[in-house]
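Only a predicted model underlies this, so the values are computations on that prediction, with no experimental measurement involved.
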Amino acid sequence: MERDANPVTPKKLLSAPDGIFLVVGMVIGAGIFKAPSIVASSVQGALEFMLLWVAGGVVSLCGALVYTELSGRFPETGGEYRFLSRGYGPGTAFVFAWSRMTVIQTGAIAAVAFVFGDYAQQILPLGAAGGAIYAALGVAALTALNLAGTPQGKTLQKVMSALLMASLAAIALVGLLGPAAPAAAPQAVPGDLGLAMIFVLLTYGGWNEAAYIAGEVKEPRRNMIRILVGGILAISAIYLLVNLGYLAVLGLEGMRQSKAVAADLMRPVAGGEGAAVAALVVCISALTTINAAIITGARASYALGRDFAIFSRLGAWRETGSTPANALLLQGALSLLLVLAGSFTPDGFSSMVAYTAPVFWTFFLLCGVALFVFRVRQGRPEGFRVPLYPLVPIVFCATCAYMLYSSVNYVRFAVSFGNAVLAGIAVMALGVPLYFLARRK
């Protein structure tokens with residue numbers, strides 16, 4: 001049963017531009033500096049490569065339209081937690097919130113923190129454990145900043161997002177205006193569009209986080225569509241320009257051979273200094289993503305605390321700074337624990353992706369199906385309605401189902417990834433008995 005003992009509620013402090021900056025910052029992370037070379041290795045030609053990035057934008061836009069209708073039906077803080085609760089009941093919502101708190105969001109924060117740590121280590125090495133140390137410091141510092149309050153967190157987000165977009169624009173210009181790609185004999189590759197799409201959609205992932213701030217957005221029924229659709233269109237344009245820059249300087253074969261496409265793009269133009277600048281851009285990108293994830297992640301835990309007495313402390317909203325302080329503290333502690341666990345694996349980033357992906361796509365699929373549930377129960381909403389219904393939500397749900405299959409199938413790449421996949425699923429399953437315990441309390 002929903003609890004209203006806490007009189008302090010979220011303030012509507014976020015405008016449409018604030019939300020767009022959050023979406024852009026959440027999505028444009030380390031993926032655009034890691035995924036293109038993997039995608040290039042899985043396609044037959046440059047046109048196919050670019051079309052996959054267009055497809056990623058289309059699928060993400062379909063998802064954004066679905067989430068806009070869902071957010072319009074329930075314009076309150078909590079996002080997917082509220083969608084699942086209204087669609088399937090409190091049990092599903094509880095397991096999701098538990099999984100998000102322990103697997104999805106904290107795992108994503110830890111994954112991007114490892115990317116930040118790896119690149120910060122290249123700029124100022126701290127020894128063999130330097131990457132993990134930087135990762136932990138990044139999580140701790142940004143959690144502390146958000147504890148200071150929502151205005152401080154959103155201001156930093158806007159500054160870092162602006163710096164990131166400017167840096168990506170510079171990289172795209174260097175590629176498009178720099179030296180042409182060296183001639184290379186075309187190499188036959190087996191091609192795996194499914195694998196390529198996994199990394200394309202991973203790079204686009206995160207736009208759904210805007211749903212968690214609906215309760216803090218001014219005029220949410222009007223502004224949420226601007227935030228979600230505007231954010232996706234901006235991201236798609238940035239990705240296409242950056243990938244065109246990669247292709248112009250490195251060519252498809254050069255991208256296949258590269259392990260750091262941004263640094264390799266800058267090196268012919270500015271040498272080692274250019275590579276260092278590229279590393280700095282990745283650090284800014286990673287910090288931007290972590291900060292956005294911290295802002296949105298604690299909101300689901302806050303909603304969980306409002307509904308279940310067993311987590312009642314998470315449902316406290318601190319009036320000073322207008323922030324869910326207890327949820328932020330727990331999220332920070334769990335993220336640091338995952339950073340510690342990931343530091344003992346061969347690749348912390350890949351392990352965290354394997355840990356989170358099956359759980360993430362399970363609930364993403366359930367949210368897409370929930371739209372059909374609400375249409376049957378409540379009919380068409382008065383506000384925003386998904387265009388081309390039911391085609392758009394069907395495309396979104398089919399993609400989610402395929403991604404769920406692919407993420408579970410991730411185990412074929414390495415034994416350590418299989419262990420991480422099983423660990424994430426096991427933690428999610430633990431939420432079921434925990435829910436019945438919470439009901440008794």
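Residue Ala40 comes nearest to Leu252 through the heavy atom pair CB-CD1, 3.7 Å, listed as atom of the first residue, atom of the second, then distance. The heavy-atom pair separating Val427 from Tyr355 by the smallest distance is CG2-OH, 3.9 Å. In terms of heavy-atom proximity, Ala196 sits nearest to Ser42 at CB-CB, 3.8 Å. The two atoms that bring Arg73 and Pro381 nearest to each other are NH2-CD, 3.2 Å, heavy atoms only. Pro358 approaches Ala354 most closely through the heavy-atom pair CD-O, 3.4 Å. The two residues Val373 and Gly87 have their closest heavy-atom pair at CG1-O, 4.0 Å.
Judged by distance alone, the side chain of Tyr88 and the main-chain N or O of Ala370 form a donor-acceptor pair under 3.5 Å. The closest donor-acceptor contact from the side chain of Glu69 to the backbone of Val386 lies under 3.5 Å.
If you take CD on Gln121 and CZ on Phe114, they are separated by 12.5 Å, rounding to the nearest 0.5 Å. Taken to the nearest 0.5 Å, the CG atom of Leu287 stands 7.0 Å off from the SG atom of Cys283. A distance of 5.5 Å separates CG of Leu371 from CG of Leu70, quoted to the nearest 0.5 Å. The line from CE of Met403 to CG of Leu365 is 12.0 Å long, rounded to the nearest 0.5 Å. Here the OG-CG distance, from Ser351 to Asn419, works out to 9.0 Å after rounding to the nearest 0.5 Å. Atom-to-atom distance recorded for Met255:CE and Ile38:CD1 is 10.5 Å, nearest 0.5 angstrom.
In this structure, the side chains of Thr92 and Ser85 stay at 4.5 Å or more apart for every pair of heavy atoms. Between Tyr204 and Phe199 the shortest side-chain heavy-atom distance does not fall below 4.5 Å. The shortest side-chain heavy-atom distance between Gln105 and Met101 does not fall under the 4.5 Å cut-off. Counting only heavy atoms from C-beta outward, the side chains of Leu51 and Val43 never approach each other to under 4.5 Å. With a 4.5 Å cut-off on side-chain heavy atoms, Met352 and Thr345 do not count as touching. Taking 4.5 Å as the limit, some side-chain heavy atom of Pro36 sits within range of a side-chain heavy atom of Phe49. For the pair Phe363/Val95, a side-chain contact is recorded, criterion being any heavy-atom separation below 4.5 Å from C-beta on. Using a 4.5 Å cut-off on side-chain heavy atoms (C-beta onward), Arg100 and Val359 make no contact.
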Check the pair Val421 / Ser407 against side-chain contact (heavy atoms from CB on, under 4.5 Å), numbers first and verdict last.
-> CA-CA 8 Å; Val421 167; Ser407 60; over 6 Å; no
Stepwise side-chain contact (heavy atoms from CB on, under 4.5 Å) test for Val103 and Phe360 = CA-CA 8 Å; Val103 180; Phe360 171 80; over 6 Å; no
List the atom pairs, with distances to 0.1 Å, where a side-chain N or O of residues 327-342 and a protein N or O form a donor-acceptor pair under 3.5 Å, not counting sequence neighbours.
from   : atom 1 : to     : atom 2 : distance (Å)
Gln331 : OE1    : Ala298 : N      : 3.2
Gln331 : NE2    : Ile294 : O      : 3.2
Ser335 : OG     : Gln331 : O      : 2.9

Compile the donor-acceptor pairs under 3.5 Å between side chains in residues 388-399 and protein atoms, sequence neighbours left out, one pair per line.
from   : atom 1 : to     : atom 2 : distance (Å)
Thr399 : OG1    : Val395 : O      : 2.8

In residues 125-145, what donor-acceptor pairs under 3.5 Å come from side-chain atoms, sequence neighbours left out?
from   : atom 1 : to     : atom 2 : distance (Å)
Tyr134 : OH     : Leu124 : O      : 2.7
Thr143 : OG1    : Val139 : O      : 2.8

Return a table of donor-acceptor pairs under 3.5 angstrom between the side chains of residues 228-242 and protein atoms on other chains or two or more places apart.
from   : atom 1 : to     : atom 2 : distance (Å)
Ser236 : OG     : Ile232 : O      : 3.0
Tyr239 : OH     : Val27  : O      : 3.3
Tyr239 : OH     : Thr203 : O      : 2.8

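Qualifying side chain to side chain contact (heavy atoms under 4.5 Å, CB included) partners for Arg380, counting only residues two or more places apart in sequence or in other chains: Arg375, Arg385. Remark: Phe116 engages no residue in a ring pair (Phe, Tyr, Trp, His ring centres under 6.0 Å) (not counting sequence neighbours). Looking at residues two or more places apart in sequence or on another chain, you find a ring pair (Phe, Tyr, Trp, His ring centres under 6.0 Å) between Trp361 and Phe364. When the side-chain hydrogen bond (donor to acceptor under 3.5 Å, both in side chains) test is applied to Arg226, no partner is found at least two apart in sequence or on another chain. Listed by chain and number, the residues in a side chain to side chain contact (heavy atoms under 4.5 Å, CB included) with Ala55 are Met197 (sequence neighbours excluded).
Residue pairs meeting the salt bridge (Lys or Arg N to Asp or Glu O under 4.0 Å) criterion with at least one member in residues 111-133: none, sequence neighbours excluded.
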